[in-house]
Each structure stands twice: as C-alpha cells, then as structure tokens.
Amino acid sequence: MVSFPVSQKALTLALDEKPISQSIDPNSVPVNHWNTLTKWLNHASLVSFVSAIICTICFAWVNVERLSTKVPAPIPTQQSVK
C-alpha cells in the first residue's frame, strides 16, 4: 500500500528533472531518493508475497495431515421422546 504513493512521488520528481541528454555532465543529475525507496519497497513486497505463499502451503499441509489422522466424531442421532 505504501509503494504506490512512493512510486508516484518518484515519477513526479523524475518528470520534473531535465533529461540527461540536456545536461552537460551526466554525473550532475540529482539522485532521486524516492526511486531508491520504491525499488526497496518492490523487493520487500516480492519477499512478503513469496513468504505468504509458503506459509499458506504449510498451513494447508498441516491441516490436511491432521484431517487424515483424526478419528471422525460419531454422527449424532435424534433422541427418542418418551
């Protein structure tokens, strides 16, 4: 959720800067810290997506194993009226 506003800020700053072809020295172009932050956030989102998939697989695996080893409960019957 944070990555979107940060990437918009990086894009806005990149569009406001003059292109490299117009500058005299390419090393004089200012560093866009928002762009760096966006790259880090994108990597973090990839890591958390992969870890969420792994956790979901582990959760399903554990529950399927428990279900297969668990003795089913008896089916309840209706009580007779006296």
Side-chain angles (χ1 to χ4, degrees):
M1 295 301 287
V2 176
S3 181
F4 180 74
V6 170
S7 66
Q8 290 299 312
K9 182 72 173 174
L11 182 61
T12 302
L13 287 177
L15 291 175
D16 288 343
E17 294 173 357
K18 60 183 176 180
I20 294 175
S21 62
Q22 292 179 357
S23 65
I24 298 169
D25 183 19
N27 295 328
S28 67
V29 176
V31 176
N32 188 348
H33 296 292
W34 291 102
N35 192 26
T36 306
L37 182 60
T38 301
K39 288 180 184 179
W40 279 100
L41 287 172
N42 287 339
H43 290 300
S45 68
L46 174 67
V47 168
S48 63
F49 179 73
V50 170
S51 65
I53 289 175
I54 291 171
C55 289
T56 302
I57 290 171
C58 291
F59 176 76
W61 187 320
V62 167
N63 282 323
V64 167
E65 282 184 357
R66 278 190 195 160
L67 187 62
S68 64
T69 60
K70 189 176 181 181
V71 177
I75 300 174
T77 58
Q78 187 175 9
Q79 296 177 351
S80 60
V81 179
K82 295 182 180 183

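On a predicted model such as this, the values are computed, not experimentally measured, just so you know.
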Going hydrophobic residue to hydrophobic residue with side-chain gaps under 4.5 angstrom, can you get from I54 over to V62? no

To the nearest 0.5 Å, how far apart are OG in S48 and CD1 in I53? 10.0 Å

Minimum heavy-atom separation for L13 and W34, please, with both atom names. CD1-CD1, 3.1 Å

Going by the rule side chain to side chain donor-acceptor pair (under 3.5 Å), which residues pair with E65 if we only count those two or more places apart in sequence or in a different chain? W61

From S51 atom OG to L46 atom CG, the distance as rounded to the nearest 0.5 Å: 9.5 Å

Going by side chain to side chain donor-acceptor pair (under 3.5 Å), name the residues that satisfy it together with N42, two or more places apart in sequence or in a different chain. S3

List, by chain and number, the other hydrophobic cluster members for V81, where Ile, Leu, Val, Met, Phe, Trp and Tyr join if side-chain heavy atoms come within less than 4.5 Å, directly or indirectly. none

Can you measure from CD (Q79) to OG1 (T77) and round to the nearest 0.5 angstrom? 7.5 Å

How far apart are the closest heavy atoms of N35 and A10, and which atoms are they? N-CB, 3.6 Å

